[in-house]
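Accompanying notes for the structure given below.
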There are 2 protein chains.
Amino acid sequence: MSERPDVATFCGGAQVRCDLCMVRDTAICSVLSASELARLTRIARSVHATPGHTLFHEGDPAEDVFTVVEGVVQLYKLLEDGRRQIVGFLVAGDFIGLAFGNHYVYSAEAVTATRLCAFRRAPFIVLLGEYPHLEQNLLARASTELAASHEHMLVLGRKSAKERVATFLLRFAERRGVPPGERLDLPMGRLEIADYLGLTIETVSRTFTVLRREGLIRLEGRSSVRILDPSRLAAIAGL
Amino acid sequence: MSERPDVATFCGGAQVRCDLCMVRDTAICSVLSASELARLTRIARSVHATPGHTLFHEGDPAEDVFTVVEGVVQLYKLLEDGRRQIVGFLVAGDFIGLAFGNHYVYSAEAVTATRLCAFRRAPFIVLLGEYPHLEQNLLARASTELAASHEHMLVLGRKSAKERVATFLLRFAERRGVPPGERLDLPMGRLEIADYLGLTIETVSRTFTVLRREGLIRLEGRSSVRILDPSRLAAIAGL
DNA sequence: CGAGAGGTTGAGCAATCTCAACGGGGGTGG
DNA sequence: CCACCCCCGTTGAGATTGCTCAACCTCTCG
């Protein structure tokens, strides 16, 4: 599940591009020089994970930080009795490790087949201090994540089941860049959606059914949706 | 409510110390030189707010970032129909403005009489780019806040009313540095606690009563508590 | 000392959860 | 290639937690 990469593999290769380096407008490596990239590469390795594979557990010593290259990863926290709160779904371009002290503060698990870049944490932090652009990029990411966390608190603390599911569908479609009417793949199961929204499987399922009956969405297979009426859905979501 | 300060007033004066400069081990100015401090001072002003005073609303253009010098500030988000989620209570030493784009993403309101340092945002961001220590400090703060947000998601998404109130009491006591058995002042009302915990006033009140009857806490006046049995309370909180 | 805001308590209700049964689609093995 | 199985999702009925509405109480402050 772990292998030695070379620079090209994850920092600019034609097929496979580590998003820490070259993905989107939040690119990190785009602000780094070749020699800086090379240093980054020396502390990196490529990681593959299959669905359900745990990258690390809450409380483990934080040895690595990660970048998601491909696939979907979920971050979650558990209570003693097994209740779970998923605090976020990460997709290509997202960074894991912003919020760490010396131990992971949540667990991370692959939802789909996933490819990541792992960087050893200690030297990564050193690099951070030397490359201000890198640090600025991470601060910007942290700000964005913080704002997303706040919005999710509103969802969890104050929205009804229907509002939660509507919010989830719109936000997830947005994040995946799927325009209304297009098929939106939901790589996670109902249990994951429930644990993300602070609901039960059954309530999520029932709510999907309600939205379908009202003509707001169409369910295609068990893991795809089409948003038919984005504006009415947004009105329900409170967005 | 706003006045011109000088450096001494909020960046090292004997009586009044802006925590952006000198509070705790998360101090910012402790890593800045005298000339850097002087530049910071030029874009700063001192702000006083009385209880209930709104510093800014969600959606307003983000013209300033703040540091809380004294008092308690609450950050919250609203839904159209008035439902409110308080996303955090800030105390002396906390920074407001980490998560901003060009508009505030939440509203901020003084809970108690409050003194803050306000920095004009645009030049502050310029300084950020020039003083890596400042940026590192903010990144560390952002990480801490992010972890706190995640924990609060677990509270809002998965904990019962009793667990929520227990968690709140322990965390708030911890943050204020009040040891078990000591009188803990709750500067916010039941409505604010409810809107922070995703509950109603009545449920918060009933839950306080339950905890009191079980001998876990003592209520003193309407706005003070004493934690009598921290370990049992922690067990309930799931900490 | 009086008034009013804020807090507490009670009764009934509604949303969501729990427990349980059923269904169907995809994967696998024959 | 087909059939079976099993996981996952859906649906239903009843239980429960927390909410709503309403009355009452008690600090606190003027």
Side-chain angles (χ1 to χ4, degrees), chain A residues 50-52 74 79 81-85 111-113 155-169 183 185-214 217-225 236 238, chain B residues 50-52 74 79 81-85 111-113 155-169 183 185-214 217-225 236 238:
Chain A
T50 51
Q74 59 190 11
L79 290 173
D81 61 6
R83 280 174 287 172
R84 179 175 69 163
Q85 178 63 44
V111 175
T112 65
V155 169
L156 294 173
R158 288 302 181 211
K159 288 190 182 179
S160 70
K162 197 171 173 185
E163 291 166 335
R164 292 181 202 208
V165 172
T167 304
F168 168 72
L169 288 174
R183 186 192 184 95
D185 188 53
L186 300 176
M188 67 294 284
R190 296 290 184 271
L191 180 57
E192 281 69 43
I193 297 175
D195 283 349
Y196 178 62
L197 295 177
L199 299 171
T200 58
I201 288 187
E202 295 93 330
T203 299
V204 171
S205 184
R206 279 185 249 274
T207 307
F208 271 120
T209 302
V210 169
L211 294 176
R212 177 175 57 73
R213 291 214 180 109
E214 293 179 353
I217 61 174
R218 176 181 302 153
L219 296 168
E220 307 196 335
R222 59 172 58 176
S223 67
S224 286
V225 207
I236 288 171
Chain B
T50 50
Q74 59 190 12
L79 290 173
D81 61 5
R83 278 175 289 172
R84 179 175 70 162
Q85 178 63 44
V111 175
T112 65
V155 170
L156 294 173
R158 287 300 180 215
K159 288 190 182 178
S160 70
K162 196 171 173 184
E163 291 166 337
R164 292 182 202 207
V165 172
T167 304
F168 168 72
L169 288 174
R183 184 192 186 96
D185 189 53
L186 300 176
M188 67 294 285
R190 296 291 184 271
L191 181 57
E192 281 68 45
I193 297 175
D195 282 349
Y196 179 62
L197 296 178
L199 299 171
T200 58
I201 288 187
E202 294 93 330
T203 300
V204 170
S205 184
R206 278 186 249 273
T207 306
F208 271 122
T209 302
V210 169
L211 294 176
R212 176 176 55 74
R213 291 215 180 110
E214 293 179 353
I217 61 173
R218 177 181 302 155
L219 295 169
E220 308 197 334
R222 61 173 55 177
S223 67
S224 286
V225 207
I236 289 171

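Letters A, B, ... are given to chains in the order of the sequence lines, protein chains preceding strands, and every chain is numbered from 1.
Summarising the geometry, the separation between CG on L219(B) and C1' on dT26(D) is reported as 14 Å, rounded to the nearest angstrom. Rounded to a whole Å, the CE atom of M188(B) is 15 Å from the P atom of dG6(C). The distance between atom CD of E202(A) and atom C1' of dA13(D), rounded to the nearest whole Å, is 12 Å. dA14(C) atom C1' lies 15 Å from atom NZ of K162(A), rounded to whole Å. Atom CD1 in I201(B) sits roughly 14 Å away from atom C1' in dA22(D) (whole-Å rounding). Atom CZ of R158(B) and atom P of dC17(C) are 7 Å apart (whole Å). The separation between F208(A) atom CZ and dG23(C) atom C1' is 18 Å, rounded to whole Å. dC19(D) atom P lies 15 Å from atom CZ of R84(B), rounded to whole Å.
Within the 4.5 Å cutoff, side-chain heavy atoms of T167(A) are placed close to those of K159(A). R84(B) places none of its side-chain heavy atoms less than 4.5 Å from the side chain of R158(A). Using a 4.5 Å heavy-atom threshold, the side chains of Y196(A) and R164(A) count as separate. Counting heavy atoms from C-beta on, the side chains of I236(A) and K162(A) come closer than 4.5 Å. Counting only heavy atoms from C-beta outward, the side chains of R83(B) and E163(A) approach each other to under 4.5 Å. Contact annotation: the side chain of I193(A) approaches that of F208(A) to within less than 4.5 Å [non-hydrogen atoms, C-beta and beyond].
Each of R222(B) and R212(B) lies near DNA chain C, and the nucleotide nearest R222(B) is the one positioned closer to the 5' end. Mapping S223(B) and R213(A) onto DNA chain D by nearest heavy atom places R213(A) at the nucleotide closer to the 5' end.
For dT9(C), one of the phosphate oxygens OP1 or OP2 lies less than 4.0 angstrom from a side-chain nitrogen or oxygen of T209(B). Phosphate proximity of dG18(D) to T203(B): absent, as no side-chain N or O sits under 4.0 Å from OP1 or OP2.
Evaluation of atom-type donor-acceptor distances gives a pair under 3.5 Å for the side chain of R206(B) against the base of dT20(D).
Listed by residue number, G198(B), L199(B), T200(B) are the residues of residues 190-200 of chain B with a heavy-atom contact under 4.0 Å to DNA chain D.
In this model, no donor atom of one side chain and acceptor atom of the other lie less than 3.5 Å apart for R190(B) and S205(B).
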